[in-house]
Amino acid sequence: MRFLLLVVLFVLSPAPPARAVESDPRVAPTFNGTVQAVAYLGTTVYVGGAFTKASWGGRSYPRERLAAFDGRTGALLSWAPAADGPVAALAATPGAIYAAGGFHRIAGVRRDSIARLSPTESTVTAFRPDIAGTPYTLAIGNGRLYLGGSFTAVNGRKARNVAAFSLRTGRLDRAWRASTDDRVHALAVAGDRVFLGGAFKRVASAKGHPHLAAVHAVTGALDRRFRPRAVAEVNAVTVDGAGVYTAGGGRGGRAAAYTLKGATRWQRVFDGDATAITTIDGTAYVGGHFDRVCLTARNGAQGSCLDGSVPRVKLAAVTGGGRLTDWNPQANGVIGVRVLNTGPTGALDAGGDFTMIGGLLRPRFARF
């Protein structure tokens with residue numbers, strides 16, 4: 001009982017974020033359908049999802065599942081390579097924007113599930129892998145494009161849910177031999193490691209690395225020392241200098257922080273799934289389907305908080321010490337927030353299925 005009292009007092013004394021992120025959203029384009037992916041190249045922000053129109057400056061513009069805007073002013077740009085299906089993931093590197101998702105044509109050209117686009121022109125390049133399955137996530141590092149999802153082969157070669165491509169040649173990196181026994185929802189690159197998050201229980205047939213694991217960025221070999229033992233399916237992963245952060249599901253949902261060696265730093269439990277996470281100056285920003293943050297780690301049927309809760313509707317922030325902050329912009333909707341990211345301009349970007357943020361009309365995208 002004494003321990004429970006200490007936990008409750010700890011949570012009810014919210015700490016301010018390490019970096020002030022305003023609850024009121026900044027001016028940015030909005031969209032008529034789901035936003036699922038955000039990426040950055042210089043000061044340009046690239047957005048992907050299931051939308052067909054973007055709104056900016058009181059006008060509506062055709063944007064078939066891909067769009068870009070100026071990160072300094074919020075102005076919608078002319079970049080508009082139309083995709084015929086939803087874009088689930090984006091990754092950017094000088095000279096290229098990579099897109100993955102449920103499309104079959106993009107910029108008028110046949111590209112099944114994955115494509116490489118010009119960052120300035122609405123055109124695709126010759127990069128054309130054959131994916132036997134569905135891609136969910138992309139990450140770039142170490143001269144490679146990493147792909148995660150639910151698939152069995154790439155270019156006719158066996159590939160179990162993860163793969164890597166050379167950024168220089170576009171070829172499948174056959175020396176990178178990571179694999180999992182179930183879907184991979186999220187990837188994050190830090191130094192010589194790639195962190196995988198998803199529904200898997202085994203990595204490279206090895207037990208003891210459920211839902212969150214690290215593999216070598218060049219070989220794909222499992223890092224057996226990194227053993228965080230995440231308790232539920234991981235939907236999103238991000239990394240900073242302090243460690244690894246996850247957003248996941250389970251009974252309710254949870255966000256967690258680990259050291260780079262895999263030791264748990266903190267975890268927060270919600271009354272619904274956490275689906276997105278990013279960090280700014282040591283503070284973790286979490287998005288998802290939740291409406292409340294539980295005061296303890298105990299929850300019951302349908303994620304209900306058993307020891308009390310505080311309201312945080314679809315968005316919350318947690319300090320490096322695990323304390324809930326008073327940041328509380330409140331998005332609406334059932335699904336809520338699907339993606340959070342931050343880029344060179346320092347803004348926090350949120351995308352999803354919401355239409356309101358803090359009582360303001362912000363359909364599917366908001367910038368803080």
Worksheet item: Would a distance-only check, ignoring hydrogens and angles, find a side-chain to backbone donor-acceptor pair under 3.5 Å from D291 to G272?
Response: no
Practice prompt. Check whether any side-chain N or O of N161 sits under 3.5 Å from a backbone N or O of V184 as a donor-acceptor pair, and report yes or no.
Written response: no
Discussion item. Working note: R298 + D307, criterion salt bridge (Lys or Arg N to Asp or Glu O under 4.0 Å); need CA distance, chi angles, decisive distance, verdict.
Written reply: CA-CA 7 Å; R298 295 199 323 129; D307 300 314; 2.9 Å; yes
Worksheet entry | T275 side-chain N/O to V337 backbone N/O, donor-acceptor pair under 3.5 Å | yes
Worksheet item: Between the side chains of T34 and D353, does any donor sit under 3.5 Å from an acceptor?
Response: yes
Worksheet item: Does D182 come within less than 4.0 Å of K201, counting only side-chain N to carboxylate O?
Response: no
Item to complete: Output yes when a side-chain donor or acceptor of S122 lies under 3.5 Å from a complementary backbone atom of A80, and no otherwise.
Response: yes
Worksheet item: Is there a donor in the side chain of R265 and an acceptor in the side chain of Y245, or the other way round, less than 3.5 Å apart?
Response: yes
Worksheet item: Yes or no on side chain to side chain contact (heavy atoms under 4.5 Å, CB included) for L295 and V310, after CA distance, side-chain angles and deciding distance?
Response: CA-CA 7 Å; L295 298 184; V310 291; 4.0 Å; yes
Item to complete: Might you confirm whether atom CZ of R110 has over 12 heavy atoms from other residues, nucleotides or ligands at distances under 6.0 Å?
Response: yes
Run the side-chain donor-acceptor check on residues 35-45: report pairs under 3.5 Å with partners two or more places apart or on a different chain.
{"unit_1": "Y40", "atom_1": "OH", "unit_2": "N341", "atom_2": "O", "d": "3.1"}
{"unit_1": "Y40", "atom_1": "OH", "unit_2": "T342", "atom_2": "N", "d": "3.4"}
{"unit_1": "Y40", "atom_1": "OH", "unit_2": "D349", "atom_2": "OD2", "d": "2.8"}

Practice prompt. Kindly assign one of parallel, tilted or perpendicular to the pair Y46 and W79, based on the angle between their ring planes and the thresholds 30° and 60°.
Written response: perpendicular
Worksheet item: Taking R111 for the side chain and T125 for the main chain, is one N or O donor matched with an acceptor at less than 3.5 Å?
Response: yes
Worksheet item: Under 6.0 Å between the ring centres of F51 and F365?
Response: no
Fill in: H104 side chain to D112 backbone, donor-acceptor under 3.5 Å
no
Item to complete: Could you tell me whether a side-chain N or O of N299 sits under 3.5 Å from a main-chain N or O of R251, the two making a donor and an acceptor?
Response: yes
Worksheet item: Any sub-3.5 Å donor-acceptor pair from R362's side-chain atoms to I357's backbone N or O?
Response: no
Worksheet item: Donor-acceptor pair, W327 side chain versus V318 backbone, under 3.5 Å?
Response: no
Worksheet item: If only atom types and distance count, is the side chain of D240 paired as donor or acceptor with the main-chain N or O of A242 below 3.5 Å?
Response: yes
Worksheet item: CZ of R177: more than 12 outside heavy atoms within 6.0 angstrom?
Response: no
Practice prompt. Return the set of residues passing salt bridge (Lys or Arg N to Asp or Glu O under 4.0 Å) with R225 (not counting sequence neighbours), or none when no residue passes.
Written response: D223
Discussion item. One pair to check against side chain to side chain contact (heavy atoms under 4.5 Å, CB included): T152 and K158. What are the steps and the verdict?
Written reply: CA-CA 6 Å; T152 57; K158 184 177 179 181; over 6 Å; no
